[in-house]
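Please read through the structure below; I'll follow up with questions.
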Amino acid sequence: MASRRIVVVDDEYVISRSLSFIFEKEGYKCFVANDGEMALEVIRREKPELVFLDIGMPKMNGYQVCKAIRRDQELKDIYIIMLTAMGQDVDQKASLEAGANEYMLKPFNPRLLREHVAELLENGFGNQQIHV
């Protein structure tokens with residue numbers, strides 16, 4: 001079976017590298033984008049099962065990227081987790097309204113994140129609304 005694909009989109013180098021390290025260590029293929037436009041290019045090329053998407057980024061914000069993914073017939077079923085330091089209820093609501101499946105706050109617990117991703121990718125996505 002081919003490796004599962006994950007795209008991490010974050011303009012903070014430490015966050016994107018940390019996440020990609022965690023996922024690659026678990027055997028997943030991980031691709032990184034540092035802004036919204038690059039994110040769409042990578043997502044269209046790699047067609048991942050899972051995307052971690054920061055909200056506040058240059059060129060296109062996470063909400064715009066999420067909406068673009070949902071409008072694209074080839075990408076619309078990708079599971080999207082918004083990853084952000086913005087912890088207000090309005091941010092969570094806007095993320096879900098943009099089409100995200102989940103909303104996760106930074107900083108994150110690497111062990112819980114690893115377990116959650118394994119569960120999502122191995123057992124199917126269903127209608128998960130877990131916040132790590």
Side-chain angles (χ1 to χ4, degrees):
M1 178 164 91
S3 290
R4 301 297 195 124
R5 295 171 181 265
I6 299 173
V7 172
V8 174
V9 185
D10 201 308
D11 60 329
E12 292 181 52
Y13 179 79
V14 172
I15 299 291
S16 60
R17 292 310 310 153
S18 296
L19 285 170
S20 64
F21 175 79
I22 289 167
F23 300 141
E24 287 169 352
K25 190 174 171 190
E26 294 299 310
Y28 304 120
K29 285 195 173 213
C30 193
F31 305 89
V32 174
N34 304 103
D35 64 56
E37 288 179 3
M38 183 190 297
L40 285 176
E41 289 174 23
V42 172
I43 292 165
R44 285 182 179 126
R45 183 184 70 232
E46 300 301 333
K47 296 187 178 40
E49 289 91 351
L50 178 60
V51 172
F52 281 87
L53 186 57
D54 186 29
I55 292 175
M57 296 182 297
K59 299 187 181 174
M60 288 178 77
N61 67 37
Y63 302 130
Q64 293 167 314
V65 174
C66 190
K67 288 176 184 176
I69 292 169
R70 293 299 181 228
R71 285 191 305 264
D72 187 314
Q73 289 302 307
E74 290 187 29
L75 307 176
K76 67 183 177 78
D77 295 326
I78 292 173
Y79 199 88
I80 301 171
I81 299 176
M82 292 297 229
L83 179 65
T84 184
M86 297 185 215
Q88 303 298 318
D89 288 342
V90 68
D91 300 313
Q92 181 175 359
K93 184 178 181 205
S95 295
L96 299 176
E97 286 175 354
N101 299 92
E102 295 185 40
Y103 179 87
M104 191 173 87
L105 288 175
K106 297 179 206 173
F108 49 85
N109 178 313
R111 182 184 58 78
L112 293 176
L113 179 64
R114 201 171 43 248
E115 290 171 2
H116 184 55
V117 166
E119 182 179 329
L120 286 172
L121 292 175
E122 302 310 318
N123 299 326
F125 296 104
N127 229 354
Q128 304 268 341
Q129 284 294 320
I130 298 170
H131 309 287
V132 180

Open item on the list: If we count only N and O atoms by modelled type, under 3.5 Å, do the side chains of E97 and Y63 hold a donor and an acceptor together?
Closed with: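 No pair is found: no donor N or O on one side chain lies under 3.5 Å from an acceptor on the other.
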Task: Distance, nearest 0.5 Å, that separates CD1 of I55 from CG of D11 - done: 12.0 Å
Task: Residue from V7, V42, V65 passing side chain to side chain contact (heavy atoms under 4.5 Å, CB included) with V51 - done: V7
- [ ] With rounding to the nearest 0.5 Å, note down the distance linking OG1 in T84 to CG in D91.
- [x]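 Answer for the OG1-CG pair, T84 versus D91, is 6.0 Å.
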Task: Gap separating the CG atom of N109 from the NE2 atom of H116, nearest 0.5 angstrom - done: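 Reported value, rounded in 0.5 Å steps: 12.5 Å.
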Open item on the list: Is there a side-chain contact between I15 and D54 in this structure, where contact means two heavy atoms from C-beta onward sitting under 4.5 Å apart?
Closed with: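 Answer no - side chains too far apart.
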Open item on the list: Nearest 0.5 Å, please: how far is CG in D72 from CG in D77?
Closed with: 10.5 Å
Open item on the list: Could you check whether any side-chain N or O of Q64 sits under 3.5 Å from a backbone N or O of N61, counting only pairs where one atom can act as donor and the other as acceptor?
Closed with: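 Answer holds: yes.
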Open item on the list: For the backbone of L40 and the side chain of R45, can you confirm whether one donor and one acceptor N or O come within less than 3.5 Å of each other?
Closed with: no
Open item on the list: Ring-plane angle category for F23 and Y28, please: parallel below 30°, perpendicular beyond 60°, tilted otherwise.
Closed with: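 Plane angle over 60°, so perpendicular.
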- [ ] Check P48 against R5 and note the closest heavy-atom contact, atom names and distance.
- [x] CB-O, 3.3 Å
Task: Minimum heavy-atom distance between D35 and P58, given as atom pair plus value - done: CB-O, 3.4 Å
TODO: Compare every heavy atom of G99 with every heavy atom of C66, then report the nearest pair and how far apart it is.
DONE: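 Looking at all heavy atoms of both residues, the shortest contact is SG-C, 3.5 Å.
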- [ ] To the nearest 0.5 angstrom, please state how far the CZ atom of R70 sits from the CD1 atom of I80.
- [x] 3.5 Å
Open item on the list: Out of the candidates I6, V8, N101, L50, only one should pair with I81 under the side chain to side chain contact (heavy atoms under 4.5 Å, CB included) rule; please name it.
Closed with: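 Among I6, V8, N101, L50, the one that satisfies the side chain to side chain contact (heavy atoms under 4.5 Å, CB included) with I81 is L50.
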Task: Student check: side-chain heavy atoms of R17 and S20 closer than 4.5 Å - done: yes
Open item on the list: So that I can tick it off, tell me whether E12 and K106 are bridged by a salt bridge, with the cut-off set at under 4.0 angstrom between side-chain N and carboxylate O.
Closed with: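 Result for this pair is yes, salt bridge flagged.
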